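Everything below concerns the one structure shown next.
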Amino acid sequence: MTKEISKTYSPQSIEDKWYSYWLSNKYFHATPDEREPYSIVIPPPNVTGVLHMGHMLNNTIQDVLTRRARMQGKNACWVPGTDHASIATEAKVVQMLRERGIKKSDLSREDFLKYAWEWKEKYGGIILEQLKKLGASCDWDRTRFTMEPSLSEAVIDVFIDLYNKGLIYRELRMVNWDPIGKTALSDEEVIFKDVNSKLYYIKYNLTENSKNEIRNSKKDGNSNLDIRISDFVVIATTRPETILADAAICVNPNDDRFKHLIGKKALVPFINREIEIIADEYVAMDFGTGCLKVTPAHDKNDYDLGKKHGLEVIDILTEEGFLNEKAQDERYIGKDRFAVRKQITIDLEEAGFIEKIEEYKNQVGTSERTGAVIEPRLTLQWWVDMKKFLAKNPQVLDAVMNDEIKFHPANMKNTYKHWIDNIKDWCISRQLWWGQQIPAWFVPNGEFVVAKTAEQAMINFNAKYSNFEFSISDLKQDEDVLDTWFSSWLWPISVFDGFKEEGKEDIKYFYPTNDLVTAPEIMFFWVARMIMAGYEWMGQKPFSNVYYTGIVRDKQRRKMSKSLGNSPDPLDLIAQYGADGVRMGMLICSPAGNDILFDESQVEQGRNFANKIWNAFRLVKGLTIKPDTDFAADLLASNKISQQWFEARFNIALAEIEEKCKDYKLSEALMMIYKLIWDDYCAWYLEMIKPVYGEALNQSTYDQTVVFFEKLMLVLHPFMPFITEEIWQEITERKEGGSICVAAYPNVETYNYKSLQNTFETISKIRELRNSKGISPKEAFEIVIKTNQTELYEPYQFLIKKLANVSSIQFNKDAPNYVSLSVSTDQVFVKLNIEIDAVAEAEKIYKEIEYLIGFMASVDVKLSNEKFVANAKPELVEKERQKKEDALAKIEVLKQSLAGL
RNA sequence: GGAGGCAUAGCUCAGCUGGUUCAGAGCAUCUGCCUUACAAGCAGAGGGUCACAGGUUCGAAUCCUGUUGCCUCCACCA
């Protein structure tokens, strides 16, 4: 009867088999029906991306949630897909072309896009294929792509809609410019990094006129302070190359040191442009020299200052961050800004313009995607008016604050609120080609309309201008594309075709989705904006729960990244430990919102767990079964007791597991399942019912054991889908097909719990004794139990005998020369065949009595404290009294055994 | 500069509205075992002034205040 089953679990052979089985049976495919819907939309990974550990964590969590919902009878739908990731993908395509010797600038838009699509077709599916390896139960028939025609159409429609509602405008403003990507970025796409830089103190000579004026006023006694007359002013800057774009110098009007300079003129070094010294309270008197150089073209604050004071904007940089001819100085024109910074420093120093250079720590904005240092740049861009948008949709904030949309962990609400309260307009245009082209149409005189097609644009133009003179061939569509997030924010709607006129069944049924699992760093990019889009176009929230995962870090708390080389390849891990092992390794220590410190030993633990389950399966499968009628009544009764115990344990644990899952505490739930299977089922239950070697097990116990096993597999399945499917199929001997992934999840049932606490403790204590005395497990003991609660032991004697190798148990008898063990409030005496040291035994008992006396004293302190008795809950006081009684009883038993020695 | 969070065993974390399921779990460590399911295992053991200092209370890991250290987000004075 014993089947040949491999001694260790080998996931490799099993995982592919079951995954294709699931797919071919369409278990993950969902269409609307009468069941309660459950839906998740995947945070679409970049189309050219490769699976990393962050994805693993994220998608494992989504899969657990989805599989649980599916088993709980809901119509579960997890929609997968990818994001066109305009800047990231375009950068990769440009890079690929460069390697092939092709420059983007040599290509037409059409040709470039052809290459980009080719690239997408080639690499676009990789990450989704990798997710399958992980076991992700996505509805692959619903796979979407943010740039597929229908989703792009939705994006364009939404743009037009917003424009018509007056929520989108076009304006010349200072934006974050990425000189590598050669595009504008939104504020969210800029990452500030600490850098060690330098603060350069540069002298600007005053003009001769100004010098004279100052001298004269000094002579006339008009100067109100005794200041040294200098022929120059000193400014402090971290960017000396931008002096060539200076439009003014600014001081604080309250700064007595510089009052005499206001209105005077200084000369920009080298190019000798005359700039005025102006006054504004914006300037901090205690920073640098108190004199600020104003460069409106290359600094946001300077731009605002320049606007206020009517200063000229002198843009000396190209879109790639090179100096242009406006820089005037031949030495620097055509060179990179950083190269110029170095060179001009040397030149200034040589020419005597540098007063000093200090080490300085500051933060520099970089592009999230290309890593380029951001350049503030004045350009014409498209914007979404966020203040107006939010005024129209107050639920965007309210729904989160009143938990209609629940954040896990909840403290993320604060961050969300702060961002919403301080929201700035969203720059949505990008100077890229890969993406949805902005549906604005221009005519040669610069006028434009927003329209879906050129034909529609003509109609709009004619409506707008009575004497519109251009023809359709004169129209030129805006060159720019939209920010990727301008399509992602529609994701929960667009994947269900919510913007289409036809086919509303899906969106009606699956929207709003239930859970969103994502990283906290894209709360603003994505989560917040999806909420906005949800209310604007669906009039409803997009999801009910947002689970923020942590960042996956290594043991040294460093973020896992390719560049650091500290991130294992997820697929290698899966190949080595199995997908189930990796999933467990990821989840076992990843509380919501906290970073997870990933270590391969956790994956090893996962693999070991799978192996443990596998071997429990081998045991159960290998049992010889005989009908109940072949067994003695007392053995059947004993097995019944074991079953009852486990049944109770299972239901208690299941209730707790469900509690944890409800709170999204998945790692805690998994830990409970782990202990339930390993400790309760394997270490205790299976040992309890396991027949002695060579004997058979009775049928009814076997059946129940299989039922338990099946239930355990059901509960574990969302976490470890592959091994549970394999075992479920085998153990339940399913011949007709079916799958655990659509099997019904167990409910908590009523149970009859009888505590085996004392029995288990007795067993452990005897084992410990054996261990400490170095006695073989094969040597059986005779024991005597002294207790006034024999009912706690008597029915379970068979367990003590079996699991602690005890040959006989007697109650409340004299036990001379036995070793005494303390079990709860009772004493267990064990007869050893070796000489026992009576003195040492007595000492042990003395110590125990001593401890109990001390313990009682502490209880007495409480009980004699009037305030305690008066204020504490009555049951608590009762508990304390009970403690005292127990201790007293125990002391009595100990005294007796002392006398017996 | 603003906001939030964290500090409990060697490591990672549980400990809800203050009171024996209050000092816990898993891993790691140590000891003894290849005991016919499993050495990817079995049976045990050790290990913590609950960051520090005050306060509230009959009673504090838990509540309050302060200190120190760390993390995250936001803002960005050149």
Side-chain angles (χ1 to χ4, degrees), chain A residues 2 5 7-9 187 192 199-200 235-239 242 250 282-284 286-289 291-295 299-302 360 362-363 365 409 411-419 422 520-521 523-524 550-551 555 557 577 581 588-591 593-597 599 601-602 604-623 660 663 665 667-668 671-672 674-675 678 682-683 686-687 690 693-694 763-765 767-772 774-778 803-805 861-862 865-873 875-877 879-880 883:
Chain A
T2 311
I5 310 173
K7 214 169 157 179
T8 48
Y9 171 61
D187 290 342
F192 285 91
L199 198 54
Y200 303 88
I235 58 89
T237 181
T238 53
R239 302 195 56 188
T242 62
C250 190
Y282 163 77
V283 179
D286 54 357
F287 186 86
T289 61
C291 297
L292 171 71
K293 75 188 212 45
V294 186
T295 319
D299 184 277
K300 172 105 182 31
N301 294 310
D302 288 11
Y360 186 64
N362 66 341
Q363 291 192 306
N411 62 339
M412 300 300 278
K413 285 159 75 174
N414 296 317
T415 314
Y416 181 82
K417 184 177 191 313
H418 184 261
W419 186 77
N422 295 284
E521 62 252 39
M523 179 156 89
F524 310 133
I551 295 166
K555 276 252 156 174
R557 289 200 174 269
Y577 297 101
I588 201 68
C589 62
S590 58
N594 277 13
D595 288 355
I596 93 154
L597 268 59
D599 189 77
S601 68
Q602 287 152 20
E604 211 170 300
Q605 193 186 350
R607 180 211 43 191
N608 294 354
F609 183 42
N611 197 50
K612 182 72 185 175
I613 295 167
W614 184 252
N615 276 291
F617 165 66
R618 282 181 68 215
L619 169 68
V620 174
K621 216 48 197 170
L623 290 167
K660 294 295 180 191
D663 295 340
K665 294 183 172 175
S667 58
E668 285 179 56
M671 180 58 79
M672 283 176 171
Y674 176 82
K675 286 195 278 186
W678 198 306
C682 294
L686 288 180
E687 293 299 331
K690 191 163 98 183
Y693 184 64
I763 293 165
S764 290
K765 285 280 167 68
R767 284 168 172 174
E768 183 188 344
L769 177 72
R770 204 188 287 279
N771 242 342
S772 65
I775 302 167
S776 158
K778 286 175 182 144
L803 301 181
N805 194 14
V861 168
K862 271 193 195 174
N865 183 331
E866 283 164 38
K867 284 187 174 170
F868 171 74
V869 179
N871 296 331
K873 285 180 228 149
E875 54 267 35
L876 199 72
V877 178
K879 237 183 208 169
E880 292 294 319
K883 280 197 276 186

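Below, all heavy atoms of this structure are taken into account, side chains as well, without hydrogens, waters or symmetry copies. Everything numeric here is computed off the predicted structure, so don't read it as measured data. Each chain gets a letter, A, B and so on, in the order its sequence line appears, and its residues count up from 1.
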Syn-anti status, with the boundary at 90° from 0, for the nucleotide B:rU21: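 Base orientation relative to the sugar is syn.
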
Phosphate OP1/OP2 of [N] contacted by [X] side-chain N/O (<4.0 Å):
X: A:Tyr416; N: B:rC74; result: no
X: A:Asn301; N: B:rC77; result: yes
X: A:Lys7; N: B:rA39; result: yes
X: A:Ser764; N: B:rG44; result: yes
X: A:Trp678; N: B:rC42; result: yes
X: A:Tyr282; N: B:rC77; result: yes
X: A:Lys690; N: B:rA37; result: yes
X: A:Lys417; N: B:rA3; result: no
X: A:Lys612; N: B:rA39; result: no

Which nucleotide in [options] has an atom nearest any side-chain atom of [X]:
X: A:Glu668; options: B:rC77, B:rA14, B:rG44; answer: B:rA14
X: A:Tyr693; options: B:rA37, B:rA40, B:rU36; answer: B:rU36
X: A:Glu687; options: B:rC77, B:rA75, B:rC38; answer: B:rC38
X: A:Met671; options: B:rA25, B:rC77, B:rG5; answer: B:rA25
X: A:Phe868; options: B:rC38, B:rG19, B:rG26; answer: B:rG19
X: A:Arg767; options: B:rG44, B:rU35, B:rC74; answer: B:rG44
X: A:His418; options: B:rG15, B:rC74, B:rG44; answer: B:rC74

Distance between the [atom1] atoms of [N] and [M], in whole angstroms?
N: B:rU12; M: B:rC6; atom1: C1'; answer: 14 Å
N: B:rG48; M: B:rC13; atom1: C1'; answer: 14 Å
N: B:rU31; M: B:rU17; atom1: P; answer: 42 Å
N: B:rC52; M: B:rU72; atom1: P; answer: 24 Å

Short side-chain to backbone donor-acceptor contact, [X] and [Y], under 3.5 Å:
X: A:Arg767; Y: A:Pro777; answer: no
X: A:Asn611; Y: A:Arg607; answer: no
X: A:Glu604; Y: A:Asp599; answer: no

Counting only heavy atoms not in A:Lys300 (residues, nucleotides, ligands), do more than 12 fall under 6.0 Å from its NZ?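 Atom NZ in A:Lys300 is not packed in, count stays at 12 or less.
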
Stem ranges for RNA chain B, with three or more consecutive Watson-Crick or G-U pairs under 3.5 Å?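 Paired runs of 3+ in RNA chain B: B:1-7 with B:68-74, B:10-13 with B:24-27, B:29-33 with B:41-45, B:51-55 with B:63-67.
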
Starting at NZ of A:Lys690, measure out to CD of A:Glu687 and round the result to the nearest 0.5 Å.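 If I round to the nearest 0.5 Å, the distance is 4.0 Å.
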
